[in-house]
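So the structure is just underneath, and the comments pick up after that.
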There are 2 protein chains.
Amino acid sequence: MRRGMTKAQEVAYDLREQIESGQLAGGDALPSESKMMSQYGYSRETIRAGVRLLIDEGLVVTGQGQGKYVREDYPPVVWNWTTLESRSRHATAVEGQTAGDQWASAIEENGNAPRQEITVSIVEPPAHVRECLELPADGLAVARKRIRYIDNRPYALADSYFPQELVSGTPLMEPRDVSAPGGILASVGLVQAKYRDEISVRMPTRQEAELLALPAATPIAEHTRTGYDADGRPLRCMVTILPGDRHKILYEVDTD
Amino acid sequence: MRRGMTKAQEVAYDLREQIESGQLAGGDALPSESKMMSQYGYSRETIRAGVRLLIDEGLVVTGQGQGKYVREDYPPVVWNWTTLESRSRHATAVEGQTAGDQWASAIEENGNAPRQEITVSIVEPPAHVRECLELPADGLAVARKRIRYIDNRPYALADSYFPQELVSGTPLMEPRDVSAPGGILASVGLVQAKYRDEISVRMPTRQEAELLALPAATPIAEHTRTGYDADGRPLRCMVTILPGDRHKILYEVDTD
DNA sequence: AAGTGGTCTAGACCACTAA
DNA sequence: TAGTGGTCTAGACCACTTT
């Protein structure tokens, strides 16, 4: 046994080496537990503890039915938050079809099939959103909650919140994609002059993991964009949950 | 036993409820394993498996010496990437003391004690950095690797890479803080006209976890900023590893 | 039917820390 | 010294999938 390592750590160390060296490539099956038990002469739970270390590092996923596999991620979707806001201002209108919103059309341009499940409701927003929108303690918000799929795989949760008085009675209250030149806010006569993005990184909640079908040890970025009008009044707050294994966030900025 | 739950999940469910309801607050100790064994009548490994589910969710940390505790995070350091680049242009010079770099002075303004360990070396950069700097396959880079501490707790890893020919023989090659109006690039006569930020989210490598003293289930953001001159030539690539439990990333953008 | 992993038990020994 | 958790074992039973 290696110096200063438990037996489980030794198993993890050996497997990690094989993975990092490419000897075990992404998608390959790990040796079975019984194989490793006889190879090392360790008990089953010890072998399992070793493999669990790699699962917690995100290097190994456990196939539903049987077998454990070296984790293999699809190339991440690049999410350009800089151009997302401005792209629609320059876009030519799409004729003869429902173009969907900015996200959906960006995905379509890439040759993939976007889909969103949208539910609209009037809610007491979560504390963080309430702060962003500068709502009073009893202020209500219109929430548009979406689950975004690409090629029928879940990719992100995107919940938009609007101060109720700004949007009641507008198309924003309908649970459908909203496509409009200038973006969803422009469609109800609001102009966004500034935005503020906040990104934090954490493990998903149980619910988020379930909705997004996340493998073990998949962290998420919580991206909150608050949009303001020219007077600095908050118009919208969008909270997006981006799984780390399928997203890359991009900003492009010209230094003035 | 609850329907559709294993015993371990039941234990996790109960504890999670107590944590989310505030009945168990941040920093509180969980009941001991033996207490829960007699409370539930389950074996020790089963109880431990239940608690492990919460550890993997990032809700529970296992105290160094003994005891398990509800996770309690310090308020995150807000990292404003928009102003970090421009702040130094407007900053008044600090007289009579070594001001450190932009990061250090931002932390000091907040009343905390920054510290960095810097090592400078000439390296073959990692593939991702090579791409960002548009270096040929055998191109070398000057690497400034820093470990950043606040009040003697590690906060981030920040590795900057410069194309070798741009900086050889400049103060950038010395392993010291570089403080200059206009930023570190200006100090060697380079002007950054544009930058491009890439953020991805993942679990830390073993090494990162060790350098940053990360608790279990602490994901990180890998932030890569590439700076370009007015002709679009890459000047610098900075890779920052930001632990999710102590950072929040901020961007503030005026829609043009 | 054979092989996989998932769950669970009842022990054991150890290192550490607090009283 | 008593109590904590960390590691490890040798079983067992189960659900699932592949052949």
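Here is how names work: the chains are called A, B, and so on, in the same order as the sequence lines, proteins then strands, and each is numbered from 1.
- Where Ala49(B) and Glu33(A) each meet DNA chain C at their nearest nucleotide, the meeting point lying more 5' is that of Glu33(A).
- Residues satisfying the ring pair (Phe, Tyr, Trp, His ring centres under 6.0 Å) test with Tyr40(A), not counting sequence neighbours, are Tyr42(A).
- If you check every strand for non-hydrogen atoms under 4.0 Å, Ala8(A) touches sugar and phosphate atoms only.
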Side-chain donor-acceptor contacts of residues 122-129 of chain A below 3.5 Å, not counting sequence neighbours, with atom names and distances?
| unit_1 | atom_1 | unit_2 | atom_2 | d |
| --- | --- | --- | --- | --- |
| His128(A) | NE2 | Glu198(A) | OE1 | 3.1 |

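- Of the N and O atoms on the side chains of Arg71(B) and Thr218(B), at least one donor lies less than 3.5 Å from an acceptor on the other residue.
- A sub-4.0 Å separation between OP1 or OP2 of dG6(D) and a side-chain N or O of Thr62(B) is present.
- With rounding to whole Å, Arg52(B) atom CZ is found 12 Å from dG6(C) atom C1'.
- When the ring pair (Phe, Tyr, Trp, His ring centres under 6.0 Å) test is applied to Tyr13(A), no partner is found at least two apart in sequence or on another chain.
- The side chain of Ser34(B) sits closest to dT4(D) out of dT4(D), dT4(C), dG6(D).
- Under the rule for a ring pair (Phe, Tyr, Trp, His ring centres under 6.0 Å), the partners of Tyr155(A) that lie at least two apart in sequence or sit in another chain are His247(A).
- Summarising the geometry, the separation between CZ on Arg48(A) and C1' on dC8(C) is reported as 11 Å, rounded to the nearest angstrom.
- Between Leu53(B) atom CG and dT7(C) atom C1' the separation is 12 Å, expressed in whole Å.
- Met37(A) places its CE atom 14 Å from the P atom of dC8(D), with the value rounded to the nearest Å.
- Note on residues 205-216 of chain B: pairs passing side-chain hydrogen bond (donor to acceptor under 3.5 Å, both in side chains), not counting sequence neighbours, are Arg202(B)-Glu208(B), Thr205(B)-Glu208(B).
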Show the distances under 3.5 angstrom between N or O atoms of the protein and N or O atoms of nucleotides 9-11 of chain C.
| unit_1 | atom_1 | unit_2 | atom_2 | d |
| --- | --- | --- | --- | --- |
| dT9(C) | OP1 | Lys7(B) | NZ | 3.0 |
| dT9(C) | OP2 | Ser43(B) | N | 2.9 |
| dT9(C) | OP2 | Ser43(B) | OG | 2.8 |
| dT9(C) | OP2 | Thr46(B) | OG1 | 2.4 |

